[in-house]
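To find a chain, count down the sequence lines: A is the first, B the second, and so on, and within it residues start at 1.
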Amino acid sequence: MFPEVAAEPPLLQNLNPEQRAAVTLPNEHALILAGAGSGKTRVLTTRIAWLLQNGQVSPGGVMAVTFTNKAAKEMMTRLTAMLPVNVRGMWIGTFHGLCNRFLRAHYKLANLPQSFQILDTQDQLSAIKRLMKQFNVDDERFPAKQTQWFIAGCKEDGLRPNMVEARDEETRKKIEIYQLYEEQCQREGVVDFGELMLRSFELLRDNDPIREHYQRRFRHILIDEFQDTNKLQYAWIKQLAGPGSSVLAVGDDDQSIYAFRGARVGNMADFVREFNVQHQIKLEQNYRSYSNILDSANELISHNSKRLGKNLRTDQGPGEPVRVYEATSDFAEAQWMVDEMRQLVRDHGTEPGFARKEIAVLYRSNAQSRVIETALFNAGVPYRVYGGLRFFERAEIKHALAYLRLLENPRDDTSFLRVVNFPPRGIGARSIEQLQDAARAMGASLHDAVSTMSGKAGANLGAFVAKIDVLREQTQGQTLREIIELVLDHSGLIEHYKADREGADRIENLEELVNAAESFVTQEGFGRDAVALPVDELGRPLTQSPASQGLDPNLPPAGEPLAPDADTGETLSPLAAFLTHAALESGDNQAQAGQDAVQLMTVHSAKGLEFDCVFITGMEEGLFPHENSMSDYEGLEEERRLMYVAITRARKRLYLSHSQTRLLHGQTRYNLKSRFFEELPEAALKWITPKHQGFGSGFGFAPNSVAKNDRYTRTSGGFNQDLTRFASPPVPAQKTAPAHGLRSGMQVFHNKFGEGTVLTLEGSGDDARAQINFPRHGVKWLALSVAKLTPV
DNA sequence: GGATTACAGGCAAAA
DNA sequence: CCTGTAATCC
């Protein structure tokens, strides 16, 4: 079953020395610092192929962990292209996907029902809201979002309620809610994302035979994007890594952009120390971008202090300069971009134009996409927006899934409440409250409590529950496709949206759900959720009984489809498997997939992607860097890394743009251009704002400020700090424009509040306001015509 | 009591 | 701009 080792494996051809060293590392722990565009995925997959080819490990002994489903799929695709290997035996997937697989196989030990359902972020929030209402928690003092943040944060740190320190009264209350939330989830047979991780970790930690079994099994553990791992994920890896395993961590500290969701860059240093890592390899050769782009990235990131140290280099020439554009408004910025794109796409005779899908527009926050979308739409340019609501997160899809989940698990109160009165069937808030009271009193689920209800409300509720129960009966033994079609039909969802004038899209999506299910069933890898297989020291599957090898006799044989239970071999129903899939892979944003369209996305979601041409828009103080991150040093460094990620997405052309004015939260804001401009190498940049740029027609004032603008335009290439002050804000009433002379980031002194940092500037003249962070008094908005501020 | 519409308040990034 | 609640009608 092992291919003979080739004399000179073609796998190693065309690898540079560092890459080759990484691929052929000895079987020990190692860290690879992989810069952007340095062929990281290639190294990872080639490493696995190399290990397999040399017979050092069998597929069953390999675990490769990623953060996104996309990365996992990419890895499997590339791997199968390299070697005729059955990827099904390997554990390749996201942290959450693998934890799910593990918990399904050992659900009894994990104290979960076999068909436990997974709450996504939305579901989790509504579960918390419901709980807080039930226990009369003041939602002014404890906003549900904040509570959700707290609970998720605790789990990311591996903390159960009893392990969290109650520093103050507020925290004590939050811990109490956390405790209640856990009980509620357990009662209802659901787990959230964090719980998937935490419970797998605890099972590994507390159950010696299980832990030792998996430690024996996984000879090679490879982790992608290691800089994004949180405390719990790191602890989980430590549990899995046994005496004979080799952990290969691949990461880039400069691309750590997920601190807000618990990522700890420090895990890289901890890994080196705690695993006694002897092999560290830096991949600094970049195969993606021209040097103007790379120099910009290198120079920018050099302004960060806490770095492991790494500098990207390329053999490609300088390429085009990085073009910088200053627009008068967000509207004008979008318009300029559309014009520029037209040029890029156009065939110039000697050189063919760029494909539209090779052009990406990146922005810091999702809200910025609207203006750009409008401009593209009006110009008739096809585009595709990532982010926002993904397929499985759309309301109509979630409704349909809620019905399906109730078939699988009637205790799922979150799903029950979502659809009990959708489509409307005469069950209002009052009836639901009564039902919740009854359920609480008898300690039962809402579903089971319905039988105690009487009167008209009881009749309506009874009819609903009966419908669910009948559907459950009817769908026994049916195919997934039939089940979903039946549910769509009998739930009344289709009918309801048919009556809605704007329901056509939703019906289309519901039909797409049937397709999604169909392709889930037929797709290769449907059964890839195989569970633990007993293995020998090299990770080869054992042919003898596992018990005779001293392994846990309860562990199942290899290759079973559909994640059979480790004990009984009982498999998950296709419906339950599909529901899991829906929760763990929120689905590509399938709008116009495959079409040659311009790509719009946040910088976060651009990570890992690359394009010929990249536009980074909204390069303004308060937006990028974002105002919520500007006040503290750590936050600012993360913003800088984010910018680093954005820049390194570009292969050939990079555009940076900022706008003097922007409509944000319904009002015009005057933002200064981003401080990041000053951290880029002048030689690599080219200022392309037209000299006599007038103000857009939508502004209601004439371009009478040409003199000023002209002066600004002359700063092309250089970024003279003093001049920027004259350039923005370009307010109609010019005499009052920049009278205060403040800049965000500036230190100022206030008679009452003391020293503080200017965060944001807004408005002009007598209305000018500044948001200032005073360490002693917090963040305040001050009217500049009133407040006495002196620069420090 | 429930359904529908009107309006106020919040608003970063995401598996 | 989207969500959650208040006001209104049935």
What one-letter contact string describes nucleotides 5-15 of chain B from 5' to 3', where B marks a base within less than 4.0 Å of any protein heavy atom, S marks contact via sugar-phosphate atoms alone, and - marks no contact? ------BBBBB
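Closest approach of A:Phe201 and A:Ala235 over heavy atoms only: CE1-CB, 3.6 Å.
Regarding A:Asn421, its CG atom lies at a distance of 15 Å from the P atom of B:dG1, rounded to whole Å. Between A:Leu435 atom CG and B:dG1 atom P the separation is 16 Å, expressed in whole Å.
Between A:Lys40 and A:Asp224 there is a salt bridge, since at least one side-chain N of the basic residue sits less than 4.0 Å from a carboxylate O of the acidic one. We find that A:Asp123 and A:Lys398 are joined by a salt bridge, their nearest charged nitrogen and carboxylate oxygen being less than 4.0 Å apart.
A salt bridge (Lys or Arg N to Asp or Glu O under 4.0 Å) with A:Asp228 is found for one member of A:Arg264, A:Lys607, A:Arg641 and no other, namely A:Lys607.
In this structure A:Phe416 satisfies the ring pair (Phe, Tyr, Trp, His ring centres under 6.0 Å) test together with A:Phe464, sequence neighbours excluded. Applying the side-chain contact (heavy atoms from CB on, under 4.5 Å) criterion to A:Thr121, with sequence neighbours excluded, gives A:Gln148, A:Phe193. Listed by chain and residue number, A:Phe260, A:His604 satisfy the ring pair (Phe, Tyr, Trp, His ring centres under 6.0 Å) test with A:Tyr258 (two or more places apart in sequence, or in another chain). By the salt bridge (Lys or Arg N to Asp or Glu O under 4.0 Å) test, A:Glu140 is found to be paired with no residue, residues two or more places apart in sequence or in another chain being considered.
Residue A:Lys129 is in sugar-phosphate contact alone, with no base atom involved, counting any heavy-atom pair closer than 4.0 Å across all strands shown.
In 5' to 3' order, the nucleotides of DNA chain C bounding all contacts with chain A (an atom under 4.0 Å from a heavy atom) are C:dC1 to C:dG4.
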